[in-house]
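Chain A is the first sequence line, chain B the second, and so forth, proteins listed ahead of strands; every chain is numbered from 1.
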There are 2 protein chains.
Amino acid sequence: MNLKQLSEILGLSQTTVSRALNGYPEVSEDTRTRVQAAAHKHGYRPNSRAKGLATGRSMVIGHVIPSSSQHEMVNPIFGDFVAGAVKKYSENGYDLMFTSADDTSIERAYRSLFQRGAVDGVVLQGPKVNEPRIEVLNRMGVPFIVHGRSTGVDVPYDWVDVNNKSSFLRATRFLIDLGHRRIALINGLEDMDFAQRRRDGYLEAFGQAGLSPDTNLMRSAEMTEVYGHHETQKMLCLDDPPTAILCSSMISAIGVRRALSENGLEMGADVSVIAHDDDLSYLKNGQDVPIFTATRSSVRQAGEIAADMLIKRIKAPDDPVKTRLLEAELVVGRSTGPAPNRLLS
Amino acid sequence: MNLKQLSEILGLSQTTVSRALNGYPEVSEDTRTRVQAAAHKHGYRPNSRAKGLATGRSMVIGHVIPSSSQHEMVNPIFGDFVAGAVKKYSENGYDLMFTSADDTSIERAYRSLFQRGAVDGVVLQGPKVNEPRIEVLNRMGVPFIVHGRSTGVDVPYDWVDVNNKSSFLRATRFLIDLGHRRIALINGLEDMDFAQRRRDGYLEAFGQAGLSPDTNLMRSAEMTEVYGHHETQKMLCLDDPPTAILCSSMISAIGVRRALSENGLEMGADVSVIAHDDDLSYLKNGQDVPIFTATRSSVRQAGEIAADMLIKRIKAPDDPVKTRLLEAELVVGRSTGPAPNRLLS
DNA sequence: CTCACTTTTCAAAGCGCTTTGGATGAATGT
DNA sequence: ACATTCATCCAAAGCGCTTTGAAAAGTGAG
């Protein structure tokens, strides 16, 4: 069932039917309702490709996920971010289109998506430091939003980010205040912008306290469970193991916990742990009492905000750049406690 | 840059340029290379909407995720399944489109996606028992594939599924062989087809051994970490707690482990645990030695297979129905061991 | 009843591509 | 020399929609 058929059934022109359905004023309420009824009855749905061709807009927003040849990992926060975004998209009549691209062809993927008219805007996730994609998108003139920021990129762009630095500063200070001095940082890959900012916060807390961290306790890699376990295991074997661990992800923190319990250590008593909690729906940090003391910020909500901002940008490409910095809250759970009295330290 | 402009630059007709780029034979190799060079030089990318309009195909495959009003959870296996699928899609020139829909409007979402010509085929994830969506899709005549199956639906349809019954049967028998009798099943929501099949396998293993399970040890809910913890906690308080736990997800199994360690119990010695491992990239079950004894089946691979099958279906709508049953492997880790000698049992 | 104006409807062009059904000219066979 | 074939190329139609510019129908004032 297409417009032509529907208009023939109604004995109206395609113009009128189209206008009736799209809410234009130059059609009588009478015929409008008649048209709507017929459309509903015959299950008419305007072909989105034809509509897109005619309007020049696709009502689709693109995401590119790196089908990373390097690291095969699909970021677990991906699902929640997308869930948040897609909710807002559909509220506004947009669909979401994915493409995957390996690390070498991400730029091409974005370019293709936009230039062949498949999308009206794109979302950039997981920016690295000096993220080259941002300039590419800027030059292309595609409306876009970055989830995160990129240190070193000075062209203006829209972004939503959680205040990684302040939240890790605060978490570190919290541990210092509890008497901890040997605080490990199990961080994400430090070419990722968020990881660098978290490290900065961690370092600044030490600086503010007049202390200096042991660089031997700073680790960086992709944030899997096994990684958290592995690094903790190794650090527990040090002559002077950490009394506290600051961990960039809940998943890795679970590995940390596993290592601690394998070594007969009690979390919160022997070793304190703070994790960053993206508030993933399937990995809630406890229900009433949080399992981990954590810096919490919902990545799903970030997805919603990003979607809203991008849609606004698409509608008003020349508006001034907008940014949004979300503050993570520090939720105190049972994984932290005063530093144990240690003979040597 | 569009076809018309490009053809004017080249001094050729749109027909010839189009044919040259799409590899049709009725164009000389000479002009073909010339056209390709010009297309590349000017960054020409055919508009996919126009192409879709002209060809009647959109080269897009649709997924609908329930933005569940009921349970807000975004299935963690979602990301990996999609990653696998999207890889195959892009290898074959397809894009992936998402829409979210709340539980009440999922059918409408599929219908809209297909009938307005936005997609050439759709993927159905997470089928329930007697899944109504399957019949809907069948009636619509949209090519589709189901990840999983649906007991009670007797129309034919393509599916890929892991053999949930046999893998849980095998896991249960493994525990029985180790001397366990009080084996808990921490299952997913039992209106989900996979969960029902797992329970069937579990029950059949008991039946085969001439035993009968304690229905009090069978739990069912959404498979979060907290759920695994909570149910384990409760069952450990029973007069006659389980000596083994069979758990439908790694995420919940992590909660199980947490509950055990909080109770001072050692996994594999005091209580054996088997989990179902979807082999998620960010949640590997250990690197060399598996953490959990597990029934393992890569959901990412399932995504790849599903994508391949769907693409074949789109190309040959009238081929006989194809199905694919994947066998999970039982990997034995350190979370299982002989049933402890207990005074009462 | 006519004029000016508003409301309602329409025919046709256009979005950028593919594809049908020729046209053109060169090459081949006789 | 002619007809015949083949390799290249092209003009134009069509995909299903929106939108422009104009026509028809209705309305109230004079």
Interface polar pairs with nucleotides 12-16 of chain D, N/O, under 3.5 angstrom:
{"residue": "D/dC15", "atom": "O2", "partner": "B/Ala54", "partner atom": "N", "Å": "3.4"}
{"residue": "D/dG16", "atom": "N2", "partner": "A/Ala50", "partner atom": "O", "Å": "3.3"}

Every protein N/O within reach of nucleotides 25-28 of chain D N/O, cut-off under 3.5 Å:
none

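Note on residues 34-61 of chain A: no pairs pass salt bridge (Lys or Arg N to Asp or Glu O under 4.0 Å), not counting sequence neighbours. The stretch residues 8-28 of chain A participates, sequence neighbours left out, in no salt bridge (Lys or Arg N to Asp or Glu O under 4.0 Å) pair at all. Identified under the salt bridge (Lys or Arg N to Asp or Glu O under 4.0 Å) test for residues 108-123 of chain B, with sequence neighbours left out: A/Asp95-B/Arg116, B/Glu107-B/Arg111.
For A/Lys322, the NZ atom sits in a packed shell: over 12 heavy atoms of surrounding residues, nucleotides or ligands are nearer than 6.0 Å.
With sequence neighbours excluded, the residues forming a salt bridge (charged side-chain N to carboxylate O under 4.0 Å, His left out) with B/Arg32 are B/Glu29, listed by chain and number. When the side chain to side chain donor-acceptor pair (under 3.5 Å) test is applied to A/Thr151, the partners found at least two apart in sequence or on another chain are A/Asp193, A/Arg197. For A/His63, the side chain to side chain donor-acceptor pair (under 3.5 Å) partners are A/Tyr89, A/Gln125, not counting sequence neighbours. Residues passing the side chain to side chain donor-acceptor pair (under 3.5 Å) test with A/Gln14: none are found, sequence neighbours excluded.
Less than 4.0 Å separates DNA chain C from at least one heavy atom of each of the following residues of residues 22-37 of chain A: A/Glu26, A/Val27, A/Ser28, A/Thr31. Of the residues in residues 89-99 of chain A, none has a non-hydrogen atom less than 4.0 angstrom from any atom of DNA chain D.
Taking the screw axis at each terminus of the helix from C/dC1-D/dG30 to C/dT30-D/dA1 from five consecutive base pairs, the angle between the two is 50° to within rounding of 10 degrees.
In this entry the distance linking CZ of A/Arg19 with P of D/dG21 reads 12 Å, nearest Å.
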